[in-house]
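If you're wondering where the values come from, they're calculated on a predicted model, not measured in any experiment. Letters A, B, ... are given to chains in the order of the sequence lines, protein chains preceding strands, and every chain is numbered from 1.
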Amino acid sequence: MAKKHSKALLTLTSAAMMLPGVSPQSLADTAPDKTLLSYRYSDYQEDDQPVIGGDVERYEIDVHQLRIQTPIGQNYALNVELQRELMSGASPRLVARPGGDANSDPVVIMSGASIKDERNDAIVTARRYADWGNAAVTAGYSDEDDYESVSIGFDGAYNLDNRLQTLSAGFSFADDDISPTQGVFPPNTLSDDKQTVSVYGGFSQVIDKWSIAQVGVSYTRHSGYLTDPYKKFDERPDQRDQWTLTTRYRHFFDRPNASLHADYRFYTDDWSVISHTLNVAWYQNINDRLTLVPSLRYYTQKQAEFFNQTDPDTTQDRYVSSDYRLSGYGAWSFRIKAIASVENWRFILSAERYRSDAGWGLFNDDDASPALVDFTRYTLGFDYEFD
Amino acid sequence: MYVSSMLKRLCVLCVVLSVAACAEVKPYERGRLAKPEMAWEPDQLEASLNKHTYFSKEGSSGGDSAAGGGCGCN
């Protein structure tokens, strides 16, 4: 009797494993059986701010994204992502105290007239699926007026313990060419390059019927020209080693028919930047056709050891940067997203508001940058699935 | 120093995950885990744009997978 029972259970279990929907989405899954076509349009707009010279308008960017994922045979899938960005606006060139008065608040001086640029990006991934997991190769190419990037990557996932656990790993290499455009101010270099090598390892675990968690570490080395070519008083080391530790958690709640996403990343590097990032999202299914997703993100970072925005001594300091992105600060981002499903279509509408402030940081850095960015982003798009 | 701090955090997380991983979940009990909204990245294009935006505007990046290519974003 017990044997009959276990045989029936084994048959049921095997049959369940064959269904594509029963393998956890977060684990190494089976190959897609349909083609998915996705498009997104995003309008990204940075807030203008008081400046002394140059164009007062910071960046506005129109982003078009197209993705197609299609099965090839039973065990392979091809994924192509294309992205086109149309940019206009200006970026901060330096920060100074008006009249050289050490007691006055520093103000932003922009990079001259508004520029127009476009960036085109293509990423192609071929993935093989098997009982043991999956493996993929990815090639990427990105091109803009003053920058070109070529990258290649490999990643894989290996299932353990009857697909309750997954080990994952990835490797990527990028070779970037920098050729700054000549504007009102001469750039810091005429032509240069940099390389990026990155490795990643992760482990995910099904905790129970409702939840799954993942932990991962990554190491990235950038080498070459890492200075910002357009900023005055900017001279950075030609190498940067970055480490991250990430955790992700998903939990499904039956009663509200919703799922919780909680992600945390700890980051540190050899420029003395440390950061914490916490992202929490709530996927609320209103009915079979509508899902609302509010999410909140908090980010804080410690300033780089050579960040100095108003008093750089270029004769004494080997490295210096006034880039606001290397200053200490905190940032909050709130996003709301609606997903409507109608047969094979999914329509997406979302809005994000991002605000940053030196006073919101956790590291008590004393050199607050006035060039920190606030932005608003709206996105609309669709997914269409077909045989 | 920071690597040793990272390793300590990683060890603690692995212990927490191993301890938490005590329930056996049969394949036919994984329906909730298979829902699209339970994926690590339910919307691939949104994830790509988020990664690109925060990479361009913040002083740290990486962690979700291997890093890939860069951009001249200012």
Side-chain angles (χ1 to χ4, degrees), chain A residues 12-13 16-17 21-26 38 40 42 65 67 81 91 140 142 144 146-147 149 151 153 164 170-172 174 176 196 198-200 205-210 212-213 215 217-218 220 230 242-248 250 252 259 265-268 273 275 283 299 301 325-326 373, chain B residues 1-3 5-14 16-46 48-50 52-74:
Chain A
L12 185 63
T13 300
M17 290 286 286
V22 178
S23 185
Q25 288 277 338
S26 308
S38 304
R40 302 282 186 279
S42 297
Q65 293 174 283
R67 176 190 180 210
E81 272 184 50
S91 62
S142 166
E144 51 199 299
D146 56 355
Y147 204 93
S149 176
S151 65
L164 289 172
F171 167 84
S172 74
D176 300 357
T196 304
S198 185
V199 290
Y200 169 84
Q205 171 77 54
V206 170
I207 295 172
D208 54 31
K209 288 188 279 187
W210 298 272
I212 184 166
V215 56
V217 289
S218 75
T220 301
Y230 299 111
Q242 302 172 304
W243 292 85
T244 66
L245 170 63
T246 53
T247 59
R248 303 204 276 190
R250 304 286 177 268
F252 190 82
S259 70
R265 182 188 72 189
F266 171 75
Y267 167 97
T268 184
V273 176
S275 77
Y283 284 69
Y299 174 81
Q301 73 174 44
R325 292 170 294 191
L326 295 176
V373 70
Chain B
M1 175 66 181
Y2 56 85
V3 176
S5 159
M6 287 262 302
L7 286 174
K8 277 182 197 164
R9 286 165 192 250
L10 184 62
C11 289
V12 169
L13 281 165
C14 285
V16 169
L17 267 185
S18 326
V19 170
C22 50
E24 187 182 352
V25 184
K26 303 288 185 194
Y28 57 84
E29 296 177 313
R30 298 178 197 171
R32 297 171 183 88
L33 303 175
K35 288 176 179 286
E37 65 265 32
M38 287 291 282
W40 298 128
E41 299 292 1
D43 186 334
Q44 191 62 46
L45 287 179
E46 179 186 67
S48 294
L49 188 57
N50 284 345
H52 176 59
T53 304
Y54 299 135
F55 166 82
S56 306
K57 301 298 166 188
E58 295 176 341
S60 63
S61 60
D64 49 350
S65 61
C71 69
C73 315
N74 292 292

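- Heavy atoms only, all atoms of each residue included: B:V25 and A:V206 are closest at CG2-CG1, 3.8 Å.
- The side chain to side chain donor-acceptor pair (under 3.5 Å) check on A:S142 picks up A:R119, with sequence neighbours excluded.
- When all heavy atoms of A:Y299 and B:S60 are compared, the pair lying nearest together is OH-OG, 2.7 Å.
- At a 4.5 Å heavy-atom cutoff, the contact between B:S61 and chain A is made by backbone and side-chain atoms alike.
- Atom-to-atom distance recorded for B:R30:CZ and A:I212:CD1 is 9.5 Å, nearest 0.5 angstrom.
- B:L33 CG to A:D208 CG: the interatomic distance, rounded to the nearest 0.5 Å, is 8.0 Å.
- Only the side chain of A:Y283 comes within contact range of chain B, judged by heavy atoms closer than 4.5 Å.
- The two atoms that bring B:G62 and A:R265 nearest to each other are O-NH1, 2.9 Å, heavy atoms only.
- Legend: residues meeting side chain to side chain donor-acceptor pair (under 3.5 Å) with B:R32, ordered by chain and number and at least two apart, are A:D254.
- Here A:R40 contributes atom CZ and B:D43 contributes atom CG; the two are 4.0 Å apart, rounded to the nearest 0.5 Å.
- Among all heavy-atom pairs drawn from A:R248 and B:E41, the shortest one is NH1-OE2, 3.2 Å.
- For the pair A:E81 and B:S48, the minimum side-chain heavy-atom distance is below 4.5 Å.
- A distance of 8.0 Å separates CZ in A:R250 from CE in B:M38, rounded to the nearest 0.5 Å.
- Between B:Q44 and A:Q65 the shortest side-chain heavy-atom distance does not fall below 4.5 Å.
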